[in-house]
Amino acid sequence: MRTLAIALIAATALLTGPALEARPKLTPQQRLDKLLDGRVAGRPEHCISSFDTREMQILDKTAIVYGWGNTIWVNVPRNAKDLDDDNILVTHTTGSQLCNLDIVTTLDRSSHFFNGSISLGEFVPYRRVAKAD
């Protein structure tokens with residue numbers, strides 16, 4: 001009975017492994033396009049509320065996306081090529097807002113050593129479009 005259970009577990013692992021690998025991995029730009037699907041860009045702003053920065057995604061060499069729900073904020077740094085989703089972003093703000101002039105440094109996730117800085121661009125709000133009935 002125990003041998004049968006081990007064989008079933010092994011067979012399941014062998015069958016599900018290729019299925020997981022079969023799904024194509026999206027590029028950072030494709031991930032951004034998917035996040036922006038059904039949304040319209042608003043007027044770029046220099047700063048956003050710290051409240052809007054609680055949810056953050058780093059898209060390798062592409063952008064930083066803040067927020068969730070109806071409005072998300074996209075920031076394409078001046079040196080976006082230095083973005084790495086495996087880094088930790090450390091922001092040094094002077095108030096209750098994150099602004100494009102604030103200092104953002106990057107730390108290596110495993111060693112926690114400083115490894116660069118990011119020059120934020122403007123924050124572009126993308127809001128969901130109401131669907132017509």
Side-chain angles (χ1 to χ4, degrees):
M1 186 68 154
R2 182 176 173 173
T3 306
L4 178 61
I6 292 172
L8 286 173
I9 292 170
T12 303
L14 288 173
L15 291 174
T16 58
L20 293 175
E21 293 173 15
R23 186 172 48 193
K25 184 175 179 182
L26 298 176
T27 67
Q29 185 60 53
Q30 290 170 327
R31 287 177 50 210
L32 180 59
D33 292 343
K34 188 174 179 180
L35 286 169
L36 299 180
D37 188 40
R39 297 177 184 269
V40 174
R43 190 183 93 236
E45 298 185 21
H46 296 293
C47 300
I48 61 173
S49 166
S50 293
F51 179 78
D52 292 322
T53 66
R54 290 185 302 159
E55 295 286 325
M56 178 187 70
Q57 295 180 54
I58 301 171
L59 303 174
D60 273 349
K61 301 178 185 352
T62 306
I64 306 168
V65 180
Y66 298 95
W68 70 97
N70 287 331
T71 304
I72 60 173
W73 300 85
V74 177
N75 189 293
V76 178
R78 293 174 202 54
N79 57 334
K81 64 178 177 28
D82 294 336
L83 282 175
D84 183 345
D85 65 0
D86 199 37
N87 282 339
I88 299 169
L89 293 187
V90 179
T91 56
H92 305 277
T93 59
T94 55
S96 63
Q97 294 185 315
L98 177 62
C99 297
N100 62 346
L101 297 177
D102 288 333
I103 298 168
V104 179
T105 56
T106 58
L107 302 177
D108 179 77
R109 186 170 301 280
S110 58
S111 69
H112 292 192
F113 286 121
F114 167 83
N115 66 358
S117 61
I118 300 296
S119 299
L120 295 175
E122 291 190 313
F123 298 88
V124 180
Y126 284 85
R127 292 180 176 83
R128 282 203 175 106
V129 177
K131 294 184 180 184
D133 292 328

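Computed from heavy atoms alone, side chains included, the values below leave out hydrogens, waters and symmetry copies.
Among residue pairs with one or both ends in residues 79-103, those qualifying as salt bridge (Lys or Arg N to Asp or Glu O under 4.0 Å) are Asp86-Arg109; sequence neighbours excluded.
Shown here for Ser50 and Gln97, the closest heavy-atom pair between the two residues is OG-N, 3.6 Å. What you find for Gly121 and Asn75 is that their closest heavy atoms are O-ND2, 2.7 Å. Contact between Lys25 and Gln30 at its shortest, heavy atoms only, is O-OE1, 4.3 Å. For Thr106 against Asn115, the heavy-atom pair with the smallest separation is OG1-OD1, 2.6 Å. Smallest separation of non-hydrogen atoms from Pro77 and Ala63: CD-CA, 4.3 Å.
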Leu107 vs Phe114, side-chain contact (heavy atoms from CB on, under 4.5 Å): CA-CA, chis, key distance, verdict: CA-CA 4 Å; Leu107 302 177; Phe114 167 83; 4.2 Å; yes

Worked check of side-chain contact (heavy atoms from CB on, under 4.5 Å) between Leu35 and Gln57: CA-CA 11 Å; Leu35 286 169; Gln57 295 180 54; 3.9 Å; yes

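Checked by atom type and distance alone, the side chain of Arg39 pairs as donor or acceptor with a backbone atom of Asn70 at under 3.5 Å. Judged by distance alone, with hydrogens and angles left aside, the side-chain atoms of Asn87 form no donor-acceptor pair with the main-chain N or O of Thr105 at under 3.5 Å. A donor-acceptor pair is defined here as one N or O able to donate and one able to accept, closer than 3.5 Å; no such pair exists between the side chain of Asn100 and the backbone of Glu122. A donor-acceptor pair under 3.5 Å links the side-chain atoms of Arg128 to the main chain of Gly69, judged by distance alone. Using modelled atom types, no side-chain atom of Thr53 and backbone atom of Phe51 make a donor-acceptor pair closer than 3.5 Å. Within the 3.5 Å criterion, the main-chain N or O of Leu98 finds no donor-acceptor partner in the side chain of Thr93.
Distance check, rounded to the nearest 0.5 Å: CE of Met56 to CD1 of Ile72 gives 14.0 Å. To the nearest 0.5 Å, the span separating OG1 on Thr71 from OH on Tyr126 amounts to 12.5 Å. Put simply, CD1 on Ile103 and OG1 on Thr94 are 9.5 Å apart, with the number rounded to the nearest 0.5 Å. With rounding to the nearest 0.5 Å, the separation of NE2 in His46 from CZ in Phe123 is 11.0 Å.
Hydrophobic clustering keeps Val65 apart from Ile118 (ILVMFWY residues linked when any side-chain heavy atoms are closer than 4.5 Å, directly or through intermediates). In the hydrophobic cluster analysis, where Ile, Leu, Val, Met, Phe, Trp and Tyr join through side-chain heavy atoms closer than 4.5 angstrom, Tyr66 is grouped together with Ile58. Residues Leu83 and Trp73 share a single hydrophobic cluster, defined by chaining ILVMFWY side chains whose heavy atoms lie under 4.5 Å apart.
Scanning for salt bridge (charged side-chain N to carboxylate O under 4.0 Å, His left out) contacts around Asp37 gives an empty result, with sequence neighbours left out.
For the side-chain contact (heavy atoms from CB on, under 4.5 Å) criterion with Ile64, the lone passing option out of Val74, Leu59, Leu89 is Leu89.
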